[in-house]
Each structure stands twice: as C-alpha cells, then as structure tokens.
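A, B, ... follow the sequence lines: proteins, then strands. Residue 1 opens every chain. Atom set for the values below is all heavy atoms of this structure, side chains included, hydrogens, waters and symmetry mates excluded.
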Number of protein chains: 2
Amino acid sequence: MVRRSHGLSERQLKILEFVTTFQEKQGYSPSIRQIGDYIHVKSTSLVDYYLKQLEEAGYISREGRVSRSIRVIHPVYPATPNMPTQLTKAVREVGEAMRDILPIPILGVIVASEPIPMPPTQGTSYFDPDSSIDVARSMLPRSERVSELFALEVRGNSMIDAMVNDGDIVILRPAQEAHNGEMVAVWLDDRDETTLKYFYREGSRVRLQPANSTMNPIYIEDPSHLRIMGKVVMVIRQVSAPVS
Amino acid sequence: MVRRSHGLSERQLKILEFVTTFQEKQGYSPSIRQIGDYIHVKSTSLVDYYLKQLEEAGYISREGRVSRSIRVIHPVYPATPNMPTQLTKAVREVGEAMRDILPIPILGVIVASEPIPMPPTQGTSYFDPDSSIDVARSMLPRSERVSELFALEVRGNSMIDAMVNDGDIVILRPAQEAHNGEMVAVWLDDRDETTLKYFYREGSRVRLQPANSTMNPIYIEDPSHLRIMGKVVMVIRQVSAPVS
DNA sequence: ATCATACACGAACAAGTGTTCTGTGTCAAG
DNA sequence: CTTGACACAGAACACTTGTTCGTGTATGAT
C-alpha cells in the first residue's frame, strides 16, 4: 500500500511530483511559472507560497534569487507505474555501453585477388597493427570473444555483390567453419579469389549467397576447395566528406 | 604524459569540470556569468562561445533562453582527486570511459516509400529516442558537430543501389544543402521516394549517383524537386550471427 | 460581527540571465 | 601586405525569473 508522505496537501504533493519528474527528464529545475502552469495557478506568488511551505517542511531547498535552483530533498514520484528514474536509466545505459571501447586492429586490406591477412594464430604475441578502429563494445554481441577480432579494409569494387564497398572496414572473427546463414570470408581455390558471402551447406555442396539478393549464388560442389577464413561480425563505412 | 583523449582545450575542460562539480555540489547549473567568473573571463559572450563549442562537441546540451539549463552529457572531473570516495571514483571512471563513446539516437527507420524521421529542428529539447547506437568518437572527423547526428535503421532492400542493406544503420547529419561528392539522404518529389545517393551538381541539374558504380545515376532537372534531408556520415552493418 | 488564517490573483519591480552586435588584437596562411 | 580565422571584451538588449505588495475571498473560531 502506498503510504503517502505525511501531511502534504494535494497541491504540495503535485508540485513535489512535478519538480521531481521535471528534473529527471530535463536535468534542471522548472521555474516558478512553469510550476504554476502545471498546477493551474495563475500567480507566481502563490507558487512561491507553496514552495516556502515545502521548504519549511524540508522537502526541498532553494537558493534565494537564483533561477531554477530548487533541490528536491525527498523525491516524490507520481503514483503511476514504475517509471525508471534518471539515475537507474543512466546506470542502465552505462551498463549497456559496458563502459568500454575496443580498439580492433586493422591487419591490412582485403582484395578479391589475394588471401586475406590473418592474425598470428598462436598466443597473443605482440605485434603492432598499422592502425586500429575503435568500436563500442555495446555494438557487439555480449558473447563475442572480443580479443580475437580483427579488421580489414576493403580495396576495390570486387565485393560489391556482398554489399561491401571500396574503403569499407569489415570486422572478422577467425573461424574455420561456419553455420548456415553466417557471413564468411572465404578463399576459393578454384578461382583464386577471396570473397564475402553468406554460407549455406546444402547436402554435400555449399551455396555461397551474395548479400545483394538480386545477384546469383555460387555453388561449391567440393567443400574442400573452400577455405573459410573468418566470420564477418560487422561492416563499417565511414563516408568521407570531401574537402569542400 | 597525460593523454587527454579528447580534443578539448584547457578552457573547455575547465568549464566542463566546473559545471560538473557545480551541479554535483549545488544541484543545479551555474549561470553563464558564474562560469565566466570561474575561468576569469569577463564577457558573457565568450563563455557562450565556449559553451556552443562544447554543445557541438556533444559534451553538454542546453535549452535556448532558459537559465541554468546546462546538462552535462559526459562528465569530466578535475584531475585532482584528493581522496575521492568510492562512489565518486566509480562515477568518475565511468564518466571517463564514456567520454569517448557517443550515444547516437536512433530516430526510426528509413524506407524508400516514406520521408525519414528527423530530429526536432530547434531547441535541443530533450527527447527520448527509443534506442541509441554507441559510436567511438575517434571514428568521426574531429570537426563533426556531433550533437546533431542521428541514426536510422534501414528497412527493406530498396537501397541496395546505395550499397545499403536491410538492417543497416546509417548515421546522418542534418543538412539542406550538399557539396559535390557527398552522400546524401534525399526525398524526391517526383517519385515520392527517399533514397541515398552521391550528390553532384552539374550546371542547373543535379546528378544522383548510386554508390554501386555499376548502376546508373538519376538526373534531376529541377533541383527544387529534390529535398536534401541530411548527409550520410557513416554506415554500420551489424552482421547478426544466427543462433547456431 | 470581528478577526485570524489560509488560499488566490495580478501587477509591478528588480535582479538574474541568455543573446547579439560591435570592436580589438593576434596569428598564420595566402 | 592582406585576408580570414580565432580568441576576447564590453555593452546593449530582451527575456526570464524570483520577490514583494496590494487586494480579494472564503472559512472557521471567537
């Protein structure tokens, strides 16, 4: 049962609620007139009158002659459902952001005509990537084994069928196998070619489906001629604004 | 060496610190003049000048013509931690980590058949986006006016010619005009259609060039039939790994 | 009836405050 | 040298805002 805070008139309560929620939503206090509008009181003096009461009762405090300086000491929330407070909301957002930026090493370029550079297979042996790209951890699946990720810059237009453009950054996780529907970077022995495709195993053969659904799939009859290098986790296109 | 991870000048930093701690101590924002006093700046206009910068950089937001309405988005605490409490320390660390991550609001979806949702044109009036996407500040040009950026989720395959897929996230900056070579989101009156294209002015007509260079451009003879909604800053494709 | 008290309006005022415009000096690029 | 950008001061302005005061109307107690 809702135990209403003691001895507050309806008006006083309404003001307290208003100030509380206003502050949470806006990040600053309402002015006297804004409070007046809300409780349908025409004169600023009357609002001030109520505020004085609330102040004496210890619910709020304010600074003399300072705009929007109401501090709520005992917050009162509307009886309506549990709306998240600013704080819990902020905490939640921070939690979601997991307060972290991942620098993902850019190991080189990915071109159709060549195998892709791969991270050193063994150990976390130090090596300096030329550069790296910062990605918020919140953008990756929580389960992602983040330390293995690496990035490549796309060179050329040969991967247009994968909806990947010259200059795009693809982020990969090393893998030798794939499940149906995953996008993989593969090396095709038959064609001497690196490509990005959606992977589907169909009986004994493999179908490689371009991301652009208007284009035709490739069928690989002998899966041993296909080397999966990694799964595509993300594609980032930084659209460079040309110098005016 | 103190690595200041953000491109803030000393003054800007000092202001951010001041506003942050002032708000924490007082429960409300300082006025422009109070800030000016603190950083020993005589004129309110100069303080406003700095606040505008901080606003554009996305560190704070304020309400036009409203006193003491500064909201600190990425708190910055003074570097003199004389015995920080457990809490303030935690808060500070979170703040520091958050500083380099920009939460960009996702305002809705972008479909060919409808105009795109736009951010409220004036007043940074606080509004709650359904969700947001975190982007590392380092991935954007330093000059970017970060506070205006917004994101849209692509729905449907109608923007394949722009190399943009169903489910992709595009990040935009509002704009009414564009320079040659910039990628823009436009509404075409003649076709009742939203599309993403590279923009080229050619004499009196405009050429809209698909990102996929194998496709043909659109020519708009009467540029008044073309409404530029924003410039594309980035495209992000989170490749969802299907549940194994 | 009288008085006190709580509630209410409106106006007027002064201070607080954000905005804008003009001007000045510096400094580096052209 | 000129130009344009940037950093800064100062003042004028308009709007916002808190404060105060005069007035009015109920209501209840005396």
Side-chain angles (χ1 to χ4, degrees), chain A residues 6-16 18-19 22-23 25-57 59-72 241 243-244, chain B residues 4 6-16 18-19 22-23 25-57 59-72 121-126 141-145 147:
Chain A
H6 10 275
L8 288 184
S9 75
E10 183 135 353
R11 275 272 170 78
Q12 292 168 328
L13 247 184
K14 220 174 165 195
I15 291 180
L16 250 190
F18 178 65
V19 175
F22 187 101
Q23 283 189 354
K25 271 217 168 57
Q26 300 297 126
Y28 52 87
S29 270
S31 70
I32 285 192
R33 277 164 249 260
Q34 284 175 322
I35 297 175
D37 282 354
Y38 181 76
I39 59 172
H40 301 109
V41 159
K42 309 289 186 183
S43 68
T44 60
S45 48
L46 187 54
V47 177
D48 186 60
Y49 170 69
Y50 285 122
L51 287 179
K52 270 197 193 107
Q53 295 174 351
L54 285 172
E55 210 176 349
E56 276 169 13
Y59 285 94
I60 62 171
S61 76
R62 350 175 239 169
E63 221 68 27
R65 299 182 173 275
V66 173
S67 341
R68 299 170 182 274
S69 62
I70 302 176
R71 281 180 289 259
V72 177
V243 268
S244 65
Chain B
R4 295 256 185 238
H6 36 284
L8 289 183
S9 73
E10 184 131 352
R11 275 269 170 80
Q12 292 170 329
L13 247 182
K14 219 171 167 196
I15 291 180
L16 252 189
F18 178 65
V19 175
F22 187 101
Q23 284 188 354
K25 277 211 168 57
Q26 300 298 125
Y28 52 86
S29 268
S31 70
I32 285 192
R33 277 165 249 261
Q34 285 174 318
I35 297 174
D37 282 353
Y38 180 78
I39 58 173
H40 301 108
V41 160
K42 309 290 183 183
S43 68
T44 59
S45 52
L46 188 53
V47 177
D48 186 59
Y49 170 70
Y50 284 121
L51 288 179
K52 271 200 192 102
Q53 294 175 351
L54 286 171
E55 209 178 350
E56 279 174 5
Y59 286 93
I60 63 171
S61 76
R62 10 174 222 168
E63 220 69 27
R65 302 179 172 276
V66 173
S67 342
R68 300 170 182 273
S69 63
I70 301 176
R71 284 180 287 260
V72 177
T121 40
Q122 63 166 359
T124 323
S125 58
Y126 206 64
R142 189 165 313 278
S143 61
E144 189 61 80
R145 283 218 290 288
S147 57

Do you know which two heavy atoms are closest between B:Val72 and B:Gln23, and how far apart they sit?
CG2-OE1, 3.8 Å
My understanding is that only residues two or more places apart in sequence, or in another chain, count here; which of them pass salt bridge (Lys or Arg N to Asp or Glu O under 4.0 Å) with B:Lys42?
none
Sorted by chain and residue number, the salt bridge (Lys or Arg N to Asp or Glu O under 4.0 Å) partners of A:Arg11 (sequence neighbours excluded) come out as none
By salt bridge (Lys or Arg N to Asp or Glu O under 4.0 Å) - contacts of A:Arg71 (at least two apart)
A:Glu63
For the backbone of A:Ser31 and the side chain of A:Gln34, can you confirm whether one donor and one acceptor N or O come within less than 3.5 Å of each other?
yes
Quick one: is D:dC6 close enough that its OP1 or OP2 comes under 4.0 Å of any side-chain N or O from B:Gln53?
no
If you measure only the distance, is there a donor-acceptor pair under 3.5 Å linking the side chains of A:Arg68 and A:Gln26?
no
Do the side-chain N and O atoms of B:Ser147 and B:Glu56 include a donor-acceptor pair separated by under 3.5 angstrom?
no
Protein heavy-atom contacts under 4.0 Å, written 5' to 3' over nucleotides 13-23 of chain D as B (base), S (sugar-phosphate only) or - (none), form the string --SSBBBBB--
Just grab all the ring pair (Phe, Tyr, Trp, His ring centres under 6.0 Å) pairs involving residues 28-55 of chain A, residues at least two apart or on different chains.
A:Phe18-A:Tyr38, A:Phe22-A:Tyr28
I'd like the 5' and 3' limits of the part of DNA chain C contacted by chain A, with heavy-atom contacts below 4.0 Å.
C:dA6 to C:dT17
Atom CG of B:Leu46 to atom C1' of D:dA11: distance rounded to whole Å?
15 Å
